[in-house]
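Just below is one structure, and these are the notes that go with it.
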Amino acid sequence: MAPLAARPVALLVGGALSLAAAVPPARGPVDYQQEIADIRTCAESDAFPQQVALVAGEGGGRATVSRSVACFMKIVQDMVDEGEEAAPDAVIDIPLPKVDSESLSIIVDFATNKVRQAGDQLQDLKFSVVPRPLPGPLHETDGVLSEDAAFMDQVAEDLNRLFRLTNAANFVDCPTLLELCAARIAQMLIGKPPKEIR
């Protein structure tokens, strides 16, 4: 995994997010089975407290979440691997300097919904498998869960919010959400002439 400083970040161009900069580079397909295994391993780790406080760098947002929810972000998994053991009842702060409050809330909602659907031990954890190239709208694409398509439709109502979320998902390294964001952006670009995209 690339160090945090090497991860791409969207650029503000003339006060607006640059589309080209907002779309992260292709990383190759997500290994969903490995992703599920990593989340389960992190969630079962005794080296990390049962709850963590995710602190947004912009807007002062703060969300106290269960370890299972926090483990959807590889940045948290890395902290589990590298950190010292903490008391199970402690709540530690995890600063997310490149994540705004609204994006943090959306990421937490996404992970919380996944944990709720999967059950206590994450035994039924499921992710959308986004095909490449994207054949059409997310809600009509085989492999994309209907709840994920609906979630992304709601997020994409505001284009700037979608771009900020894409950057935030990239920063916290939540590959499943990042795939959905990139697919939703691609879906918006399908069939548009270059002049309209600029």
Side-chain angles (χ1 to χ4, degrees), residues 1 7-8 10 17 19-43 54 63 65-66 68-77 99-100 102-193 196-197:
M1 178 169 54
R7 294 183 184 169
L17 285 170
L19 176 62
V23 179
R27 298 184 191 201
V30 174
D31 181 347
Y32 293 97
Q33 295 305 316
Q34 185 61 51
E35 186 69 16
I36 289 170
D38 290 347
I39 291 169
R40 285 182 180 151
T41 300
C42 174
L54 304 171
V65 299
S66 70
S68 296
V69 169
C71 287
F72 273 74
M73 299 166 239
K74 288 197 181 285
I75 196 170
V76 172
Q77 292 177 20
V99 177
D100 64 276
E102 183 180 26
S103 296
L104 175 61
S105 176
I106 294 169
I107 292 168
V108 167
D109 286 348
F110 176 79
T112 301
N113 289 338
K114 291 292 184 185
V115 168
R116 189 177 303 120
Q117 293 164 3
D120 291 339
Q121 302 300 314
L122 301 177
Q123 66 272 13
D124 294 325
L125 190 57
K126 295 177 187 157
F127 293 118
S128 292
V129 178
V130 180
R132 291 184 184 182
L134 188 65
L138 284 177
H139 63 277
E140 296 174 6
T141 302
D142 288 340
V144 175
L145 302 172
S146 61
E147 60 268 14
D148 288 347
F151 184 85
M152 291 312 299
D153 285 344
Q154 184 180 14
V155 168
E157 289 174 1
D158 178 345
L159 192 58
N160 284 328
R161 176 176 48 198
L162 178 59
F163 289 149
R164 286 191 309 272
L165 178 61
T166 303
N167 286 326
N170 187 49
F171 178 77
V172 300
D173 203 358
C174 182
T176 54
L177 182 56
L178 184 59
E179 280 281 302
L180 289 167
C181 288
R184 188 64 173 96
I185 291 170
Q187 177 184 334
M188 296 166 79
L189 300 177
I190 290 174
K192 295 197 178 196
E196 193 177 328
I197 293 171

Exercise. I would like to know whether Val172 and Phe72 meet side chain to side chain contact (heavy atoms under 4.5 Å, CB included); could you show each step before the answer?
Key: CA-CA 9 Å; Val172 300; Phe72 273 74; over 6 Å; no
Exercise. Decide side chain to side chain contact (heavy atoms under 4.5 Å, CB included) for Arg161 and Ile106; before the verdict, give the C-alpha distance in whole Å, the side-chain angles of both, and the deciding distance to 0.1 Å.
Key: CA-CA 10 Å; Arg161 176 176 48 198; Ile106 294 169; 3.6 Å; yes
Which heavy atom of [X] sits nearest to which heavy atom of [Y], and what is that distance?
| X | Y | result |
| --- | --- | --- |
| Pro131 | Asp142 | CD-O, 4.2 Å |
| Ala43 | Cys71 | N-SG, 3.5 Å |
| Pro175 | Lys74 | CG-CE, 3.8 Å |
| Ser103 | Asp100 | OG-OD1, 2.8 Å |

Quiz prompt | Over 12 foreign heavy atoms within 6.0 Å of CD, Glu147 | solution = yes
Exercise. Look at atom CD of Gln33 and say whether more than 12 heavy atoms of other residues, nucleotides or ligands are closer to it than 6.0 Å.
Key: no
[atom1] of [X] to [atom2] of [Y]: how many Å apart, nearest 0.5 Å?
| X | Y | atom1 | atom2 | answer |
| --- | --- | --- | --- | --- |
| Arg184 | Leu165 | CZ | CG | 12.0 Å |
| Ile39 | Leu125 | CD1 | CG | 5.5 Å |
| Leu159 | Met188 | CG | CE | 4.5 Å |
| Ile75 | Asp173 | CD1 | CG | 8.0 Å |
| Ile36 | Lys114 | CD1 | NZ | 9.0 Å |
| Cys181 | Met152 | SG | CE | 4.0 Å |

Practice problem: Kindly indicate whether the side chain of Leu54, heavy atoms from C-beta on, has any atom under 4.5 Å from the side chain of Val65. | Solution: yes
Practice problem: May I ask you to test the Ile185-Phe163 pair for a side-chain heavy-atom distance under 4.5 Å? | Solution: yes
Quiz item: In terms of the angle between their ring planes, are Phe151 and Phe110 parallel, tilted or perpendicular, with boundaries placed at 30° and 60°?
Solution: tilted
Self-check item: Under 3.5 Å: donor-acceptor pair, side chain of Thr112, backbone of Val108
Solution: yes
Quiz item: Is there a side-chain hydrogen bond (donor to acceptor under 3.5 Å, both in side chains) between Asn113 and Gln117 once you walk through the steps?
Solution: CA-CA 6 Å; Asn113 289 338; Gln117 293 164 3; 5.8 Å; no
Self-check item: Qualifying residue for side chain to side chain contact (heavy atoms under 4.5 Å, CB included) with Val155, from Leu162, Asp109, Thr166
Solution: Leu162
Quiz item: Taking it one step at a time, do Glu179 and Val144 satisfy side chain to side chain contact (heavy atoms under 4.5 Å, CB included)?
Solution: CA-CA 11 Å; Glu179 280 281 302; Val144 175; over 6 Å; no
Self-check item: Criterion side chain to side chain contact (heavy atoms under 4.5 Å, CB included) on Val130 and Leu180, from CA distance to verdict
Solution: CA-CA 7 Å; Val130 180; Leu180 289 167; 4.0 Å; yes
